[in-house]
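Down below is the structure, laid out as structure tokens.
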Amino acid sequence: MGTSADDAATEFHDFFERHYAELARLAHLLTGEADAADDIAADALLALWHRWDRVRAAEHPAAYARGVVANLARSRIRGAVRERRRIALFWSQHSPYTDGPDVPSVVDVQGALRTLPFRKRACVVLRHAFDLSERDTALALGISVGTVKSQTSKAMAQLERLLGNRAATHLVGKTWTS
């Protein structure tokens with residue numbers, strides 16, 4: 001006869017199997033780092049396991065999981081920014097000349113995504129790469145539907161400026177899986 005703990009473990013295992021790849025893909029698109037994506041997804045699922053009773057009782061466990069991934073990705077990005085600042089302070093002897101930015105026509109979608117602030121990037125990725133509704137995106141990020149609408153609109157306008165009008169709409173749908 002199975003126990004409640006066995007049932008919870010089985011439920012979590014099923015959740016893991018259904019959502020791990022999606023969560024790793026989300027982490028990759030948010031951070032731009034393939035290597036970090038698996039770590040973030042694994043850390044998120046570990047955190048979910050520790051709170052599994054609460055997560056499984058949630059109305060939308062997958063949205064809850066996406067929110068955890070988004071928060072972990074945000075923390076990783078912030079940590080990387082802090083680390084770069086520390087390195088820059090330590091190595092203050094740098095060349096006064098820097099290479100100019102890439103020409104917008106050769107910037108790929110992932111590179112362009114990395115230029116967006118986190119919230120805009122998260123909105124675009126969840127709405128367009130994951131085909132989530134505005135409501136589900138708001139739920140995953142813990143923001144209002146209106147914020148999702150405005151951030152997505154502004155982000156798409158910025159991507160169009162970076163990639164060119166035709167290239168942005170054409171490439172956005174084709175490069176998410178790479």
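This structure is a prediction, so every number in the text was calculated from the model and none was measured. Residues: numbered from 1 along the sequence shown.
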Side-chain heavy atoms of [X] within contact of [Y], under 4.5 Å:
X: Val124; Y: Arg127; answer: no
X: Phe118; Y: Thr31; answer: no
X: Arg56; Y: Phe15; answer: no
X: Asp43; Y: Arg76; answer: no

message: Let's go through Asn71 and Arg74 carefully: what are the C-alpha distance in whole Å and the side-chain angles of both, what is the deciding distance for side-chain contact (heavy atoms from CB on, under 4.5 Å) to 0.1 Å, and is it a yes or a no?
response: CA-CA 5 Å; Asn71 287 333; Arg74 180 183 301 119; 2.7 Å; yes
- prompt: Under the 6.0 Å and 45° cation-pi test, does Arg25 pair with Phe130?
  reply: yes
query: What pairs with Tyr64 under ring pair (Phe, Tyr, Trp, His ring centres under 6.0 Å), at least two apart in sequence or on another chain?
result: none
Answer yes if [X] and [Y] sit in the same cluster of Ile, Leu, Val, Met, Phe, Trp and Tyr residues linked by side chain heavy atoms under 4.5 Å apart, and no otherwise.
X: Leu23; Y: Leu139; result: no
X: Ile40; Y: Leu45; result: yes
X: Val68; Y: Leu126; result: yes

Considering all heavy atoms of both residues, which atom of [X] and which atom of [Y] are nearest to each other, and what is their separation?
X: Ala122; Y: Leu30; result: CA-CD2, 3.4 Å
X: Ser133; Y: Asp136; result: OG-N, 3.0 Å
X: Ala37; Y: Ala24; result: CB-O, 3.2 Å
X: Glu33; Y: His28; result: C-CD2, 3.5 Å

Polar side-chain atom of Ser153 near backbone of Lys149 as donor-acceptor pair, under 3.5 Å: no
- prompt: So which of Thr147, Val145, Thr152 actually passes side chain to side chain contact (heavy atoms under 4.5 Å, CB included) with Glu134?
  reply: Val145
query: With under 30° as parallel and over 60° as perpendicular, where do the rings of Phe12 and Trp52 fit, or are they tilted in between?
result: perpendicular
